[in-house]
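Read the structure below first, then the notes.
Remember, it's a predicted structure, so these values are computed and weren't measured experimentally. Order of appearance sets the numbers: ligands from 1, and atoms from 1 within every ligand. Basis for what follows: all heavy atoms, side chains included, without hydrogens, waters or symmetry-related copies.
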Amino acid sequence: MALLTVLCYPDPRLHKVAKPVAQVDARIKKIVADMAQTMYEAPGVGLAATQVDIHERILVIDVSDSQDELRVFINPELVWVSPETKSWREGCLSVPEYYDEVERPDVIRVRALGLDGKEFEVEADGLLSVCLQHEMDHLQGKVFVEHLSMLKRNRISLKMKKRAKELVGQR
Ligand code: NI
């Protein structure tokens with residue numbers, strides 16, 4: 001396994017649209033293992049392949065308190081969303097130290113392939129629902145701050161560029 005570098009907003013590569021995985025083979029399993037290690041190390045509750053500059057439809061998620069319930073979603077598709085919405089305070093490994101409220105459908109159904117290559121469907125609410133929607137956005141090239149106002153986004157963009165410069169200065 002290897003730790004992968006997480007791209008930071010406003011990196012333009014975060015806006016690439018991911019392609020479907022053709023076959024869940026050894027290469028994909030290696031990517032999943034590396035993504036899981038990177039997510040746990042961060043630590044985070046979810047990671048999309050887009051965030052590590054791999055533009056294929058792969059997500060890893062673990063919303064358990066014990067951080068030992070890894071969920072893998074390959075080629076995830078939303079099949080249903082509830083009309084009810086809910087607002088959650090979200091964060092993202094690609095937007096370090098920034099959190100804000102995003103309103104999304106409360107309950108969703110997602111169809112995906114597992115690591116065994118078999119299709120499964122899951123109904124999600126609470127944190128899993130938020131996390132799945134947030135990560136699926138990444139695969140479409142969308143970062144959660146794009147749900148916020150232009151004013152906020154510009155401010156975040158400046159803050160992240162400043163932060164990146166400071167990090168380079170520390171090396
Ligand atoms: Ni994110």
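A donor-acceptor distance shorter than 3.5 angstrom exists from the side chain of D62 to the backbone of E69, with no hydrogens or angles considered. A distance-only check finds no donor-acceptor pair linking the side chain of N154 to the backbone of S157 [under 3.5 Å]. Proximity of a side-chain donor or acceptor of T85 to a complementary backbone N or O of E103 within less than 3.5 Å is not detected.
Listing protein N, O or S atoms at distances below 2.8 Å from the Ni ion (ligand 1), with waters left out, gives C92 SG, H134 NE2, H138 NE2.
Residue E56 forms a salt bridge (Lys or Arg N to Asp or Glu O under 4.0 Å) with just one option from R27, K16, K19, and that option is R27. The side-chain contact (heavy atoms from CB on, under 4.5 Å) test with H147 is passed by exactly one of R153, R104, E101: R104.
Using a 4.5 Å heavy-atom cutoff, the side chains of E77 and R57 are in contact.
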